[in-house]
Each structure stands twice: as structure tokens, then as C-alpha cells.
Q: 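Structure below; questions to follow.
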Amino acid sequence: MTLPAHDASEGRPDRPRPISQPLVRLARGTVSGDAVSTAQRLLGALLVHEDGLGRRVGRIVETEAYAGPDDRASHARAGRTARTSIMFGPPGHAYVYLVYGLHHCLNVVCAEDGEAAAVLIRAVEPLEGVERMRAARGRAGTDPDRLAAGPARTCQAFGIDRTFDGIDLLSDDRLWLAAPAAGWRPAAIVSGPRVGVDYAGPDWSDRPWRFGLADSRALSRPFPVGR
DNA sequence: CGAATGATACCCT
DNA sequence: GGGTATCATTCGG
């Protein structure tokens, strides 16, 4: 039996790697600050979905900050409504909404002076349960790095829909957040304008409130080159 | 580049 | 109450 000299993973480190250590829940303090700092702190944290069929785990590599009602790009701009009431609640809870009538997006509510604020999970790097993610994504490419490279793709890959709206991501058993593996160190963080919020006007859409891990191949799209 | 697709916020009877 | 413009996206041509 011979091994090919080269295979499809040539030139790429083997990814995803299995999780070797037990997962530890993320501390409430991680999401207890304002949206901008929380968005940066959540980079590297792990998103975990567990059910009877197994476990899906991925590393958060891209986020966006949405501040309180003053933020014209935030759903909180309309004040407290039936849809956004979760945003006005305690930090660590999931705010899941349907966008464009087709796609779900997952946010982590954070705390900002009791105002509504949240962090949109824009991209996740799959680490475990990749086959399950592929199945959940239907006809998508086979590259693990693209399976959750987008806010709606993340929800598809992890089976997240509005039934998860309002759950506590720091105590729930089905969908929860875990701390980065011990020894994991964040790469440089890059930032850029938030995606798809031009309607908010330049004062808000130009703010560099989108954050990503600079070396990640699982970003939803490139960050504009710095200048 | 445009379609898909439905909840929602907002304005008007 | 009812009509409707809008949308924190994705995929295929």
C-alpha cells in the first residue's frame, strides 16, 4: 500500500484538528462590556452545538459590533420591539433573526450600560463535526474553511434558527460558547467597516466595527486593505 | 448582477 | 387593522 507523494492538502496545514482538551464555558465577563470591545474579545472563542447526533465546534474568526439605539445600523435603533427585546436583556444570550426572508444570523448580546448591544458572529472556522456541517449546508463546497464563512452560513452549518433566539449561550447545553483552548493565542486583529449597513449613513457605516483574525482563511470576505 | 423569500416596522385608513 | 418598503445574505448565471 503506497501513499501518494502529494494530496489535496499539500501546502496547507492539516485542518481542522480535533479538539484535544475538554471545552470550558466562556466566562460571563467576556460579554459584559460594550459591543466594540466584546466583538474583539469574542474572536478566538469557540461556538459549540451539541445534540444526540454529535458535536459541532468552530472558532469565531470574524465579528461585528452593534451598539445601542443610537447606532443607526443596529436593530436596536427602533427601540425595544418584540423582535429586538432580547438585545435589551442580559449579556450572553443569543439574538437570532431572519434576514432577507431566507437566512438566519446569530448575535451574542453584550452589556453596554444596560442599553441594547450585540455582536454579530460573521464567520467561524470549523474544528469538529465538519461532516455534519457539510450535510447541514447542503450543496456547498468541500473546503472546511468556507462552510461557515458568513453569518448565515454559520447558522446553516451549525443548525441555528429562530428557535435558538433568547437562549443563554453561557449556560445552554445545546448551543454554547467555550473559551479558546489553553495555549491558543490570538493572531493580529484586523478591522474594517461593517458589511451591508450603508442604509445607516456614513457616520455609522464607515466605523471600523467589523473585526477578524488576520491570519484566518475562514473570513466571510477580505478586509479592505489598511491605509 | 439579480432572484429568492418572509418577518417586521411603519405609515395610512 | 391592512398595505408595503426594506432587509446585519447567499448562490448561480
Side-chain angles (χ1 to χ4, degrees), chain A residues 31 34-40 42-43 47 58 60-89 91 93-110 112 115-126 133-166 169 190-212 217-224:
Chain A
V31 293
D34 65 275
V36 171
S37 68
T38 302
Q40 296 170 78
L42 279 176
L43 293 175
L47 181 65
I60 296 171
V61 297
E62 184 182 328
T63 58
E64 259 173 18
Y66 288 89
D70 289 345
D71 182 356
R72 301 310 295 164
S74 171
H75 289 176
R77 67 187 179 278
R80 184 174 191 144
T81 67
R83 178 174 69 150
T84 62
S85 65
I86 298 296
M87 286 185 76
F88 291 76
H93 287 230
Y95 167 48
V96 182
Y97 65 91
L98 184 67
V99 70
Y100 297 112
L102 295 165
H103 304 296
H104 295 278
C105 291
L106 168 69
N107 294 255
V108 181
V109 173
C110 58
E112 184 172 41
E115 283 205 329
V119 173
L120 172 68
I121 305 303
R122 276 200 60 88
V124 168
E125 172 192 335
M133 296 184 198
R134 263 199 266 271
R137 285 273 294 134
R139 192 186 166 72
T142 56
D143 183 355
D145 287 332
R146 308 316 301 163
L147 285 175
R153 291 171 173 179
T154 295
C155 285
Q156 267 185 38
F158 281 79
I160 300 167
D161 59 22
R162 295 225 358 192
T163 65
F164 290 84
D165 189 39
L169 293 167
V190 290
S191 64
R194 294 177 288 182
V195 175
V197 297
D198 287 348
Y199 60 82
D203 282 1
W204 292 96
S205 62
D206 288 349
R207 299 188 185 207
W209 284 4
R210 174 188 175 218
F211 302 98
R217 293 174 304 184
L219 299 175
S220 66
R221 62 179 76 180
F223 279 74

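We use all heavy atoms of the structure for the numbers below, so side chains are in, but hydrogens, waters and symmetry mates are not. First the proteins, then the strands, lettered A, B, ... as listed; each starts at 1.
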Q: Where does the chain A footprint on DNA chain B start and end, counting 5' to 3' with a 4.0 Å heavy-atom cut-off?
A: dA4(B) to dC10(B)
Q: Across nucleotides 3-13 of chain C, 5' to 3', mark each nucleotide with B, S or - according to how protein heavy atoms within less than 4.0 Å reach it.
A: ----BBBSS--
Q: For A39(A), what residues pass the side-chain contact (heavy atoms from CB on, under 4.5 Å) criterion, not counting sequence neighbours?
A: T63(A), A65(A), V119(A), F211(A)
Q: List the residues meeting side chain to side chain donor-acceptor pair (under 3.5 Å) with H75(A), not counting sequence neighbours, and say none if there are none.
A: Y95(A)
Q: Could you check whether any side-chain heavy atom of S220(A) comes within less than 4.5 Å of a side-chain heavy atom of R210(A), counting everything from C-beta outward?
A: yes
Q: Classify the nucleic acid contact of R210(A) as base, sugar-phosphate or nothing, counting any heavy atom under 4.0 Å across all strands shown.
A: nothing
Q: The criterion is side-chain contact (heavy atoms from CB on, under 4.5 Å); which residues satisfy it with P91(A), sequence neighbours excluded?
A: V31(A), S32(A), A111(A)
Q: According to side-chain contact (heavy atoms from CB on, under 4.5 Å), who are the partners of V190(A), at least two apart in sequence or on a separate chain?
A: A214(A), F223(A)
Q: With sequence neighbours excluded, tell me which residues meet side chain to side chain donor-acceptor pair (under 3.5 Å) with D161(A).
A: T163(A)
Q: Determine which pairs satisfy side-chain hydrogen bond (donor to acceptor under 3.5 Å, both in side chains) with at least one residue from residues 99-110 of chain A, sequence neighbours left out, and list them in order.
A: none
Q: Taking only residues two or more places apart in sequence or in another chain, which ones pass side-chain contact (heavy atoms from CB on, under 4.5 Å) with A94(A)?
A: V96(A), L106(A), I167(A), L169(A)
Q: Under a cut-off of 3.5 Å for both distances of each Watson-Crick or G-U pair, what dot-bracket string does DNA chain B give, using [ ] for crossing pairs and | for inter-strand pairs?
A: ||||.|||||||.
Q: Listed by chain and number, what are the side chain to side chain donor-acceptor pair (under 3.5 Å) partners of T38(A), not counting sequence neighbours?
A: R41(A)
Q: Name all residues meeting the side chain to side chain donor-acceptor pair (under 3.5 Å) criterion together with D71(A); count only those two or more places apart in sequence or in a different chain, and write none if there are none.
A: R194(A)
